[in-house]
Each structure stands twice: as C-alpha cells, then as structure tokens.
2 protein chains.
Amino acid sequence: MASVTLKTIAEALGVSRTTVSNAFSRPDQLNPELRRRILEAADELGYPGPDPTARTLRRGKAGVLGVLLTEELSYAFADPYAVEFLRGLAEVAAEASTSLLLMAWPGDEAAEVAVREAIVDGFCAFCLYDGHPAIEALRQRRLPYVIVGEPYLPGVPFVGIDDRAAAKALCAHLLRLGHRRLGVLSTRTKEGPGDVHFGAARARLAGYRDACEEAAVDWDGVVIQQTVHSREGGRTGAARLLDLHPRPTAILATTDLIALGAIQAVAERGLEVPGHVSVTGFDDIPAAGEAGLTTIRQPKAAKGRTVGRLLLGGTHQGEAPQILMPYELIARASTAAPPDS
Amino acid sequence: MASVTLKTIAEALGVSRTTVSNAFSRPDQLNPELRRRILEAADELGYPGPDPTARTLRRGKAGVLGVLLTEELSYAFADPYAVEFLRGLAEVAAEASTSLLLMAWPGDEAAEVAVREAIVDGFCAFCLYDGHPAIEALRQRRLPYVIVGEPYLPGVPFVGIDDRAAAKALCAHLLRLGHRRLGVLSTRTKEGPGDVHFGAARARLAGYRDACEEAAVDWDGVVIQQTVHSREGGRTGAARLLDLHPRPTAILATTDLIALGAIQAVAERGLEVPGHVSVTGFDDIPAAGEAGLTTIRQPKAAKGRTVGRLLLGGTHQGEAPQILMPYELIARASTAAPPDS
DNA sequence: AGTTGTTTCTGAATCGATCCAGAAAGTGGC
DNA sequence: GCCACTTTCTGGATCGATTCAGAAACAACT
C-alpha cells in the first residue's frame, strides 16, 4: 500500500538514498554494476521513477513553460499563425530541456487560480484581452512572463509587433490605390457587438482609422462587421458586407483566416478579387501566399523564439522588456484599384 | 535576493509558520484581524503566495489532469470533435477543482520524458498511435490513465467506441443502397503510405472491409487514398478519387472533417451529392448536420465526462477498465443509391 | 470551583527527492 | 612507505509548504 520511494529501494538493497538517487539522475557517479542492481530492484518493487514534484521542489526548477490560452481553444489552434508561434517557442524550449504546458481554462474566474497554482518556470500569455484577471495574477507570481501580441500594457513584459502602425500601412495602401468605400471584418469581441475587446483587433482597427483620417476619409462611414475567427466566419461576415448598397470596394479583415473566407464569399457572388473587391488580411499565414492575399507579414516563429529566450533567461530585473518585432507589408494580387463605378 | 516564504512572513510578524499557512489556506482557523495583518505583510514583502510545488508534495495531489497530445497540435484542435471531448472532460474536472494540462511534445522521444516528469494526478492520452513509447511510460507512472479512442490495447484502460463495428455498419449502409465501387479517404499515417498507423483509422478501415467481405464485394478493388486531417485535405484527397476511371460511386471518409472537404470537391467537379457520388463521414460534428452528412454519431462530451470520472476516481485496482460507448448510424442526405451507369 | 467546550495559535513531523561535504577504498608515482 | 588523486558511497541538511496533536486562554454551564 505504502508508496515505493527511493528509501524503499535503498533499504531493500542496504545502500543509501543518495546512491539510489544517483542511479537515476547521475549515472556516472556510481559503479555500473551497482546501478544495474538498483534499477533491477526498482523495477521489481514497482518504483515509478523519481517523484517529479519532490525533484522540482528541491531543484527549484520545473523544466516547464506555461502557455496560457483563453477559453476558446479553437481560437488558438484553428489559426496557423498560433501553430507557427508555438513551433518557435517549442524549439527554444527544447534546447533548454524544457517542455510546454498548454493551459486550458474553463473560464476567466478559473484563470487566476490556474496561474497561481501552476508549477512552471515562466508564463507566456497568448490571446488574452485587456483587463483579464490573469494579468494581475501573473505579476504576483514573480516568475518570468510575457504577454504575446495582445494586449499591450505599460509596465508589462511584451513581445509583438506594432499592430496599429502595421494596420495603418495596410489601409494606407488601399487608400493610395483609390479606395474610398471600405468594409472591415473583425474578430468577434467577448462583450458582444458594442466594443472590440481583443487588444490586437482593437489596435488594428485604430490603425485603419489613423490611415483614413490622414487621407481625410470619413471613418464613421466605414462599416465594421464582426464575426467568428475562422474561414467560415470570414465567409459569412463578408457576405453581409457584400450585401450593402453601395457595396464596399475593399474589405479589410483583421486576420488572414477571415480574409480567405472573404475571398471565397466574393467568388460565390460571382464577383472577382481584386476586379470588383479588394481584400486584405493580417499575419501572412502560409495559405495567404497561395491565395495571393495582400497582408502584413510578421515573424511568427521568430516571435515564439524571442518569447522563449526571454522566459528562459530568468526573471527580468527592473524594467519590463517590451519587444517590438519587425513587420512588412506584402502586396499581392488581392488588392488593386477600385472598379470605375 | 533570498525568496520570500511562509517563514519570512512568520518571522516578520512573530507568529508561527502554521498560522501564516492557515491565513492563506484555511481562513476559518484564525482570528480575522490577525489574518488581515498577515495578508498585508505578505503583500508588502512581495510574497507570491504558497508555493504550488511544496503544496503539491505535501498534499500528495496536484489538482491537474494531463491531456497528452501528439506532435501535430492542429490535428487535435482543428477537429471540432476534440473540442467537444475536451469540453466534457473539463466539465467534470472543474467539479473536482481540477484543471487540465494540455501537453505538447516536440516529438515521440520527448513523450516518454514528459510523461515521466509531469506533475499531474492522472493522464488521458488522445490521438496516440499503436506502439507509441508514451504508452509504456504511462503504465510505469502508476497513476490513473486512460487511452481515448485509439489505440485499443489489451490490458490498457480505454474509453471509446467500437470503431470497427461502427465503420462496418456505415459501409454496410452504402452496400445496401447498391454501391459497389467504393473509395476510402483516410487520415495520413505516420509511416507513409504503406501502413495505416493510427488506431482509429485502422479500425475503421477494418470495419469497411468486414462489411465488404460480408457482402462479397472485393476489398482489393477499393481504393484507399490517404490525406491530411483537415477539410482542405479532404478536398484534395477526394479530387484524386474522383479522377479515377471508373469513378467510385461512394466515398467513405474516416472523419467528418475530411468528408466535408470531399463534398466540396464533388461540387467543384460539377457533380452532385448524392446524385453522382455518396459521401460518408465519421463522428457527427456539428457541421455534419448542417451539411446533411451521413455519419456515425458518437457521444463526444459524454466520452470526455466518462474519462474525467475514471481518472478522478483514483487508481484502478486489478483489471483495467475498458469502456465502450454507444454509437449510432445517422443516415442523412449525402447517401443514396448509386446512379444507373 | 470544577468540568467541558471553543477559539486561536504553536512546534515538530512529514511529503520525496537533491545537494554537499566528506569518508573509505583503491591507484599510481616517487 | 608516503603523498596525492580518483572512484565510489554515505549521512544530514534542505527545498516550502501542510498536518496533527496539543497548549493556552477564555467562556459557559453545573
């Protein structure tokens, strides 16, 4: 009944706990023949291996990085952008013999508890929104942590791009081509249609607005259609925009996934991209290139690697690091001058 | 420099460690006024809260269930089936104040290590394949664990449906309708085109075969096309099948997601479902109903709940529980008699 | 005054490993 | 035969909390 520990094995063989521990963790510290006997005895006694909890407590290092996700798991994984980011993060983590822990929460209330109780060496928060209770909990844990992409908050470690400036550049590109009737397709907010809650979406909308104001285009005349963050969501959302009279000549989607759905919706109407409607995305996922989508490219895997290095580098003394990664406007075939109307 | 612990606070206030511990974990065990002072001092000293590792070691319970995923994260999350399952699991876990830990591995070799070192109360392995090294590691940890859906192995705790029998029923349905030229769309295996590695896919193929043999249809004449597990993968895979001469009159996809892609491919050829080609799926995800897809319905969330209860119920003594859940053939509009050729 | 009970707090033991300083035995060089 | 060095093993301290039996103070009831 009593569980099998190092002590059980040590007593069975008449050696010390330390020696048994070495047999598992530092094989070069003992005689190979004795080690063989120890492992054999461990196997016979049903020893499950050194207890990870005790080991972590003593070593003061868990060998784990926590990745915080919001409730909608599908949000994070349906988007190839997230997968790329995680690949970069996992790469750096693996070099430090560290594994990733994806933390799924039933809801916001549980988030705080989860952050407080997770056994990790650091956190990376992904897809949070401004004001999420976990953010304060993160600060209190006094472990290294980084907010990725959104929200950007003063005094909080951050890695991402300047979403607002990038969005402005993208919108300015459309305005330069001559577009004046714009439609925006944004990810759905948590709060319902009133307010755009997600930091990145909000920053991107602000960037579009900046560009409009600079070009003296009336921002209030721009229709903002919210939708689910998926290809299908882009299709149905775009359908709404295409029903408007007069129809927008350009659709700005806040992510590539949505933009790809929008392109599909345009085709289903028997219209052409960019002949009748121009479409832009955001992120430059692999499928964007194939579809000839004009978008903002951001370094996805590199972002993950940067986050990993930051977290594994130890606690940040003093100032919180805030790293802005480079981005690039990729103009492809999905944008052109608007049709003569 | 030295970290702030219970002891630091206790000494600062001249009370015992136990009392400070109670202030955090058992508020009813001490004077409210003293508790207030303790929490205040903790805040001032920058105490990050009781160390989760130490707490776990002492309590002997982590309050965490590990969910094992294979390398392809997208595999698990692109499929609404997985999301539903996790919802059920999370529900039961939440009732026991337990959170879920999604474990992402860089690769198979890392799997063993991760299982050995994870600080959890139990494991649920999802989307593993037969012979995965993690399976042996799971057994050795002597913690409760369950294999979900695939692979089904003797002596290993299991929850799922009888994939083979379900697949047989589905295929028999097509054969009853009169189909004789079948095409199969299966998820890609790890090993390449030679052998179908994933347990469920293999079991489903075996079921199709059973039905064919019972109806004296030549199984060797059935083309098996492998593809990526996604809607897009289904589209391209089905395109290959539709290029065959003579064209199959029915396509059996091993998952709904693939089937939905197949339906799209048929439409793109200017053909009709089920007029020219019948299509079947597997799992009955929400989108399957909308698309009128004939498929096998299995209880997704209930499966998650069952797994959760099993894991939280403690270690299984003696025999490994193997639970087969009910399934149901859902005949919808995507299947009909083959065209007169 | 004595018994019982409640509230509030304490000290030592414990969870299961790892780390460190050092002991014991054996090796090699001079 | 002595010193220096390596290999192999040991015992005790430690990581940071929780648990448990019990002490101290005080109230309530015979």
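Predicted model only: the values in this text are computed from it and were never measured. Throughout, a chain's letter reflects where its sequence line sits, starting with A, and its residues are numbered from 1.
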Could you walk me through whether B:E40 and B:R36 pass the salt bridge (charged side-chain N to carboxylate O under 4.0 Å, His left out) check? CA-CA 6 Å; B:E40 198 177 300; B:R36 200 192 50 71; 2.7 Å; yes
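- Closest heavy-atom contact between A:K7 and A:R17: CA-CG, 4.1 Å.
- The line from CG of B:L13 to CZ of B:R37 is 5.5 Å long, rounded to the nearest 0.5 Å.
- We find that NZ of A:K7 is positioned 13 Å from P of D:dG12, with the value rounded to whole Å.
- The overall bend of the helix from C:dA1-D:dT30 to C:dC30-D:dG1, read as the angle between its terminal helix axes built from five base pairs each, is 40° when rounded to 10 degrees.
- Residue B:Y47 comes nearest to B:V4 through the heavy atom pair CD1-O, 3.4 Å, listed as atom of the first residue, atom of the second, then distance.
- Taking both residues in full, the closest heavy atoms of A:L153 and A:Q322 are given as O-NE2, 3.0 Å, listed atom of the first, atom of the second, then distance.
- Comment: B:E91 does not engage B:R87 in a salt bridge, judged by the lack of any side-chain N to carboxylate O separation of less than 4.0 angstrom.
- The CG atom of B:L13 sits 15 Å away from the C1' atom of C:dT10 (whole-angstrom rounding).
- Residues of residues 17-36 of chain A that place a heavy atom closer than 4.0 Å to DNA chain D, in numerical order, are A:R17, A:T18, A:T19, A:L30, A:N31, A:L34.
- When atom types are taken as modelled, the side chain of B:R35 and the backbone of B:A23 share a donor-acceptor pair closer than 3.5 angstrom.
- At whole-Å resolution of the value, CG in B:L6 and P in D:dT19 are 12 Å apart.
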Under the side-chain contact (heavy atoms from CB on, under 4.5 Å) rule, what do B:L138 and B:L68 come out as? Steps first, then yes or no, please. CA-CA 10 Å; B:L138 283 171; B:L68 277 46; 4.0 Å; yes
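- For the OP1/OP2 pair of D:dA17 and a distance below 4.0 Å, the side-chain nitrogens and oxygens of B:T5 include at least one atom meeting the criterion.
- Side-chain contact annotation: A:S16 with A:T19, donor-acceptor N/O pair under 3.5 Å present.
- Rounded to a whole Å, the CD atom of B:E117 is 18 Å from the P atom of C:dG16.
- Between the side chain of B:D121 and the main chain of B:G63, a donor-acceptor pair closer than 3.5 Å is present.
- Listed in residue order, the members of residues 43-64 of chain A having a heavy atom less than 4.0 Å from DNA chain D are A:L57, A:R58.
- Listed here is the closest heavy atom pair of A:A111 and A:A134: CB-CB, 4.1 Å.
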